[in-house]
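To start, the structure under review is shown below, and the notes come after it.
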Amino acid sequence: MGILDQFKLDGKVAIVTGAARGLGQGLALALAEAGADIAAVDVIEQNETRSKIEVLRRRFTTIQADLSDSASIGKIIDSTLKTLGRIDILFNNAGIIRRADLIDFTEKDWDDVMNINLRTVFFLSQAAARVMIKQGQGGRIINTASMLSFQGGIRVPSYTASKSGIMGITRLFANELAPHRINVNAIAPGYMATDNTAPLRADEKRSAAILERIPAGRWGTPDDLKGVAVFLASSASDYVNGYTIAVDGGWLAR
């Protein structure tokens, strides 16, 4: 097999959470472009994602699910198996953020973020891993981490805690699932032009300070994650396990 063939995902089925827009939509599109069939999960309609992926003539199903509710996990797994027949890749991309000074931060804002960003990631990964183990053909679990997996940040205590936790459970899952040929890694996007960063980009002083520190000199886009997403989902990354890859325009290098 040539090296470019190792990046192909033909015949694979991927679940992508938070796939309606932004990074999740870009990630789902990347895996579909590489040959995967997609089960796209979000709490909102996904007509735009559907239209972009169906052009590629990949099988595609949407699953409307509220990831703050643990009952959604069984629905996601069962719907994917019923419609697409198997699970080879799980991309835990969905996430939320709440901003406030730590002395004013509420218990609800803590719980809401931790439930979606960390708790559901763990239990959905657990459920997908059980299917992959039963299938006996290995698999891939990829998590969306953050610059705040490496740094503290300001005014986002639950987000920082959840994304630091993502780096930790990525390692734990990798350790326990490696004997089953299931690789578990994470991608840490830098400052991306998405809904989550809209308040930062709207703040001229904050946006200028961020851009000044990014060697690439620009905000990232969903397209910037496509290459690493396909790499981690494919056999090209067979010996990469338990690692969090920063895609940040050089932010952490400063």
Side-chain angles (χ1 to χ4, degrees), residues 7-69 71-97 116-117 120-121 124-125 127-128 131 139-146 166 185-198 201 219-234 247:
F7 287 85
K8 292 181 178 178
L9 299 177
D10 295 5
K12 303 294 185 182
V13 171
I15 298 172
V16 182
T17 67
R21 59 193 177 193
L23 298 185
Q25 184 182 92
L27 294 167
L29 187 57
L31 300 185
E33 287 174 350
D37 298 321
I38 306 295
V41 181
D42 213 307
V43 72
I44 61 176
E45 292 294 329
Q46 302 184 70
N47 294 331
E48 185 179 72
T49 304
R50 175 186 293 279
S51 64
K52 290 185 176 185
I53 290 178
E54 286 184 342
V55 167
L56 301 170
R57 297 186 178 180
R58 306 309 312 167
R59 291 190 300 159
F60 178 79
T61 186
T62 58
I63 303 169
Q64 193 163 10
D66 177 2
L67 292 172
S68 66
D69 182 357
S72 67
I73 292 170
K75 176 182 178 181
I76 292 166
I77 297 296
D78 293 344
S79 295
T80 303
L81 291 174
K82 181 178 180 180
T83 308
L84 301 178
R86 57 185 296 107
I87 299 170
D88 301 288
I89 301 157
L90 168 64
F91 209 125
N92 289 302
N93 168 74
I96 62 172
I97 193 167
I116 291 178
N117 291 14
T120 296
V121 168
L124 181 54
S125 297
V131 173
R140 293 287 192 274
I141 297 174
I142 308 166
N143 299 319
T144 296
S146 168
I166 285 293
N185 292 287
I187 299 173
Y191 282 87
M192 297 278 160
T194 64
D195 291 346
N196 272 358
T197 61
R201 288 180 287 119
W219 291 81
T221 70
D223 283 350
D224 291 313
L225 300 182
K226 283 186 171 183
V228 69
V230 171
F231 169 65
L232 291 178
S234 71
V247 183

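Every value quoted in this text rests on a predicted model; they were computed, and no experiment measured them. Residue numbers count from 1 along this sequence.
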Kindly compute the distance separating [atom1] ([X]) from [atom2] ([Y]), expressed to the nearest 0.5 Å.
{"X": "L232", "Y": "L225", "atom1": "CG", "atom2": "CG", "result": "10.5 Å"}
{"X": "K75", "Y": "T80", "atom1": "NZ", "atom2": "OG1", "result": "11.0 Å"}
{"X": "I142", "Y": "I15", "atom1": "CD1", "atom2": "CD1", "result": "12.0 Å"}
{"X": "L67", "Y": "I96", "atom1": "CG", "atom2": "CD1", "result": "10.0 Å"}
{"X": "Y191", "Y": "S146", "atom1": "OH", "atom2": "OG", "result": "7.5 Å"}
{"X": "R59", "Y": "L84", "atom1": "CZ", "atom2": "CG", "result": "5.0 Å"}

I'd like to check [X] versus [Y] (side-chain heavy atoms, cut-off strictly below 4.5 Å). Are they in contact?
{"X": "R21", "Y": "I44", "answer": "yes"}
{"X": "W219", "Y": "M192", "answer": "no"}
{"X": "S72", "Y": "D66", "answer": "no"}
{"X": "L29", "Y": "L56", "answer": "yes"}

Can you name the nearest heavy-atom pair linking [X] to [Y], along with the distance?
{"X": "A28", "Y": "I38", "answer": "O-CD1, 3.7 Å"}
{"X": "T144", "Y": "I166", "answer": "O-CG2, 4.0 Å"}
{"X": "G26", "Y": "P222", "answer": "CA-CB, 4.1 Å"}
{"X": "A30", "Y": "K226", "answer": "CB-CG, 3.4 Å"}
{"X": "L124", "Y": "I76", "answer": "CD1-CG2, 4.2 Å"}
{"X": "R58", "Y": "D37", "answer": "NH2-OD1, 3.2 Å"}

Taking the side chain from [X] and the backbone from [Y], do they hold a donor-acceptor pair closer than 3.5 Å?
{"X": "D224", "Y": "T221", "result": "yes"}
{"X": "R140", "Y": "S234", "result": "yes"}
{"X": "T61", "Y": "T83", "result": "no"}
{"X": "Q46", "Y": "A40", "result": "yes"}
{"X": "N143", "Y": "N92", "result": "no"}
{"X": "D42", "Y": "A19", "result": "yes"}
{"X": "T17", "Y": "A94", "result": "yes"}

Q: Test side chain to side chain contact (heavy atoms under 4.5 Å, CB included) on I187 and F91 and set out the steps.
A: CA-CA 10 Å; I187 299 173; F91 209 125; 3.7 Å; yes
Q: May I ask you to check whether T49 and Q25 show a side-chain donor-acceptor distance below 3.5 Å?
A: yes
**Q.** Residue pair V131, I77: steps toward the side chain to side chain contact (heavy atoms under 4.5 Å, CB included) verdict
**A.** CA-CA 9 Å; V131 173; I77 297 296; 3.9 Å; yes
Q) Could you walk me through whether S125 and L90 pass the side chain to side chain contact (heavy atoms under 4.5 Å, CB included) check? A) CA-CA 7 Å; S125 297; L90 168 64; 3.8 Å; yes
